[in-house]
Undergrad: 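Take this structure, written in structure tokens, and hold onto it; I'll ask about it next.
The sequence lines fix the lettering, A, B, ..., with proteins before strands; numbering per chain opens at 1.
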Amino acid sequence: MKAVITNKLTKKFGDFIATNAITFEVEEGEIFGFLGANGAGKTTAMRMLCGLLTPSSGEAQVAGFDVYTQTEKIKQNIGYMSQKFSLYEDLTIRENIKFYGGIYGLRLADINDKTAGILEKLQLQNVADALTASLPLGWKQKLAFSVAMLHQPKVVFLDEPTGGVDPITRRQFWEMIYEAASRGTTIFVTTHYMDEAEYCNRVSIMVDGKIQALDTPKGLKETYRVDSMDGVFQILARGTSTK
Amino acid sequence: MNAIIVDNISKAYGNIQAVSNVSFEVREGELFGLIGPDGAGKTTLFKMLVTLLFPDQGRAVVNRKDIVKDFLQLRTQVGYMPGKFSLYQDLTIEENLDFFATVFGTSIQENYDLIKDIYVQIEPFKTRRAGKLSGGMKQKLALCCALIHKPEVLFLDEPTTGVDAVSRKEFWDMLKSLKQRGLTILVSTPYMDEAGLCDRIALMQGGKILAVDTPQDITKLFQRPLFAVKAAETFRLIQDLRNASFTHSCYAFGEYLHLALEHEITSSDIETYLASHNHRQIDIKRVDPGIEDCFMDLISQTSVPAQS
């Protein structure tokens with residue numbers, strides 16, 4: 001079964017076509033990089049795939065569920081984290097895990113097991129009862145990822161998860177991504193760091209609402225005859241927009 | 001002549017030490033970068049230098065004005081673009097620019113020459129409200145507003161955070177042409193690849209400065225032999241290399257891993273080790289360290305959060 005399938009998925013806001021007939025598939029356990037310039041339509045596409053926004057036309061299924069009729073099922077079967085909001089700053093680390101565990105409908109015994117596991121893995125035992133606000137950003141993001149994985153989702157959507165994070169923690173974060181993918185979780189990730197685009201199995205680049213290119217990083221570099229994903233991005237991403 | 005002199009400056013918020021004992025100097029006409037992740041203390045430092053916060057201790061001089069004693073005079077001589085978009089969302093592009101010009105006792109016409117190259121890019125939308133602009137347009141408008149009173153020193157706090165790679169490149173081109181006009185620019189960024197575009201940089205982490213130098217010379221701090229390594233299974237390659245006795249550190253770097261060694265060995269020694277762990281399609285080459293290698297080496301001791 002494919003983790004994500006879209007067919008001419010489109011979203012219009014008035015006259016403006018934010019996402020323009022995008023068609024692609026993501027394999028189970030794949031790390032799929034969803035790239036594009038600011039305003040290219042990535043967020044709109046992701047919101048539709050997460051069941052938060054009804055498409056104008058086209059089809060899509062996420063984790064086997066339809067984005068028009070089964071949005072609640074989608075929400076139960078995906079994880080989501082973004083740079084902007086993930087955890088409650090004024091709850092402690094332990095409280096955040098418990099809160100999200102409850103939201104995802106886990107039983108208390110499960111939540112307690114998961115909490116111990118996460119705290120140990122991230123080496124946060126000593127600060128478990130400190131406010132989440134006191135954690136450095138990179139640690140918050142690793143915790144947010146672990147929380148987004150609490151209910152063992154089939155697909156996890158990561159919207160710029162590493163923006164502003166220090167270079168070591170950024171790499172530790174990607175090792176968590178690799179590990180989750182190796183256990184079969186599908187990763188759908190956006191980033192502005194072009195070195196991170198190289199870590200994906202396949203990468204799509206959106207320009208003006210359309211998917212302009214989709215291939216492995218190696219394939220894209222060969223097609224556009226450059227030696228880095230930054231080179232590919234510089235060639236493709238500007239599009240026709242004057243902004 | 002130095003445009004900015006920071007002398008042993010510190011600032012705490014309650015028991016959080018945001019900036020501790022920071023000293024550095026920025027020369028007139030220099031494009032100087034503060035490089036560091038979120039939480040390094042960059043924003044607090046900026047706010048002190050543009051007189052929005054007083055330091056707890058230490059002193060600083062910007063454009064020959066003391067940031068505490070001469071703060072009112074100094075305010076007319078610096079331009080500041082905060083990391084968070086801080087223009088009036090319900091004013092149009094043109095109204096915002098006119099407002100900032102008026103507040104500083106000047107007009108758009110008087111200093112139009114300085115902002116022209118940037119402003120023409122957003123001028124077609126000048127009657128649009130700032131709150132309705134795209135990220136890239138907001139950034140350009142904020143830069144125009146920070147320049148409209150013709151400051152001597154320009155402070156840009158993370159102007160490219162969350163901005164795509166193409167727009168980031170355009171923004172740095174704009175900074176380069178502002179520098180050519182003689183403006184001193186202090187810019188902060190969490191993107192290590194932008195460090196190479198500055199004349200000199202300071203690497204910052206946890207409220208402290210780790211090193212100050214030109215981008216070329218700062219990489220000389222990195223003394224270990226460094227190799228770029230690639231094989232078919234990246235994740236397993238990281239694990240296996242970390243377990244090797246010759247490894248000091250191993251991190252992903254785009255398509256390759258960067259492997260820093262404890263002691264000098266040859267690439268064929270590394271290849272032999274990897275072949276014995278059944279790795280395929282092995283590619284190993286010696287590389288020069290970049291700023292990101294250097295930064296990671298300097299911060300590697302401090303990566304576990306303290307009890308708060």
Undergrad: Count the heavy atoms belonging to other residues, nucleotides or ligands that lie under 6.0 Å from CD of A/Glu120, then report whether that count exceeds 12.
TA: no

Undergrad: Could you look at A/Glu160 and say if it's the side chain, the backbone, both or neither that has a heavy atom under 4.5 Å from chain B?
TA: side chain

Undergrad: Between A/Gly164 and B/Pro190, what is the shortest heavy-atom contact and its length?
TA: CA-CB, 3.9 Å

Undergrad: Got more than 12 heavy atoms from elsewhere within 6.0 Å of CZ, B/Arg236?
TA: yes

Undergrad: What heavy-atom pair brings B/Ala165 and A/Gln234 nearest, and what distance separates the two atoms?
TA: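 B/Ala165 and A/Gln234 have their closest heavy atoms at O-NE2, 3.4 Å.
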
Undergrad: Would you find more than 12 non-hydrogen atoms of other residues, nucleotides or ligands less than 6.0 Å from B/Lys230 atom NZ?
TA: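 Counting other residues, nucleotides and ligands, NZ of B/Lys230 exceeds 12 neighbours.
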
Undergrad: Heavy-atom distance under 4.5 Å to chain B: side chain of A/Pro217, backbone, both or neither?
TA: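 Neither part; nothing is under 4.5 Å.
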
Undergrad: Decide if atom NZ of B/Lys208 counts as having more than 12 heavy atoms of other residues, nucleotides or ligands within a radius under 6.0 Å.
TA: no

Undergrad: Is atom NZ of A/Lys114 surrounded by more than 12 heavy atoms (other residues, nucleotides or ligands) closer than 6.0 Å?
TA: yes

Undergrad: Quick one: what part of A/Asn38 sits under 4.5 Å from any heavy atom of chain B, side chain, backbone, both or neither?
TA: both

Undergrad: Once the angle between the rings of A/Tyr178 and B/Phe235 is folded into 0 to 90°, is it parallel (under 30°), tilted (30 to 60°) or perpendicular (over 60°)?
TA: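 A/Tyr178 vs B/Phe235 ring planes: parallel.
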
Undergrad: So how far is it from B/Thr234 OG1 to A/Glu175 CD, rounded to the nearest 0.5 Å?
TA: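 With rounding to 0.5 Å, OG1 (B/Thr234) is 11.0 Å from CD (A/Glu175).
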
Undergrad: At a 4.5 Å cut-off on heavy atoms, which part of A/Glu196 comes close to chain B: side chain, backbone, both, or neither?
TA: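 Neither the backbone nor the side chain of A/Glu196 comes within 4.5 Å of chain B.
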
Undergrad: Among the options A/Tyr199, A/Tyr193, A/Phe233, pick out the one with the most heavy-atom pairs lying under 4.5 Å from chain B.
TA: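 Between A/Tyr199, A/Tyr193, A/Phe233, the count favours A/Tyr199.
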
Undergrad: Between B/Asp164, B/Val163, B/Thr161, which is the residue that forms a side chain to side chain contact (heavy atoms under 4.5 Å, CB included) with A/His192?
TA: B/Asp164

Undergrad: How about CZ on B/Arg280, more than 12 heavy atoms from neighbouring residues, nucleotides or ligands closer than 6.0 Å, or not?
TA: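 Atom CZ in B/Arg280 is not crowded, with 12 or fewer foreign heavy atoms closer than 6.0 Å.
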
Undergrad: Report the C-alpha separation of B/His258 and A/Arg171 in whole Å, then their side-chain angles, then the decisive distance to 0.1 Å, and conclude whether the side chain to side chain contact (heavy atoms under 4.5 Å, CB included) test is met.
TA: CA-CA 12 Å; B/His258 276 192; A/Arg171 285 167 173 82; over 6 Å; no

Undergrad: With the side chain counted from C-beta on, respond yes when A/Arg170 and B/Glu292 share a heavy-atom pair under 4.5 Å apart, and no when they do not.
TA: yes

Undergrad: Using a strict cut-off of less than 4.0 Å between a Lys/Arg side-chain nitrogen and an Asp/Glu carboxylate oxygen, indicate whether A/Lys218 and B/Glu255 qualify as a salt bridge.
TA: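 Here A/Lys218 does not pair with B/Glu255 in a salt bridge, since their nearest N and O are not under 4.0 Å apart.
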
Undergrad: Please check if the number of heavy atoms outside A/Lys98 that lie under 6.0 Å from its NZ is greater than 12.
TA: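 Check fails, neighbour count at 12 or below.
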
Undergrad: May I ask you to name which of B/Gly254, B/Gly36, B/Pro37 has the most heavy-atom pairs under 4.5 Å with chain A?
TA: B/Gly254

Undergrad: Between B/Phe253 and chain A, which part of the residue has a heavy atom less than 4.5 Å away: side chain, backbone, both or neither?
TA: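 Both backbone and side chain.
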
Undergrad: Taking the side chain as every heavy atom from C-beta outward, state whether B/Ile299 and A/Asp166 have any pair of such atoms under 4.5 Å apart.
TA: yes

Undergrad: Please round to the nearest 0.5 Å and tell me the distance separating atom CG of A/Asp195 and atom OH of B/Tyr191.
TA: 10.5 Å

Undergrad: Using a cut-off of 6.0 Å, state whether more than 12 heavy atoms not belonging to B/Asp288 lie near its atom CG.
TA: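 Check fails, neighbour count at 12 or below.
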
Undergrad: Could you tell me which of A/Pro167, A/Ala181, A/Ala197 has the largest number of non-hydrogen atom pairs under 4.5 Å with chain B?
TA: A/Pro167

Undergrad: Name the region of B/Ile16, side chain, backbone, both or neither, that has any atom closer than 4.5 Å to a heavy atom of chain A.
TA: neither

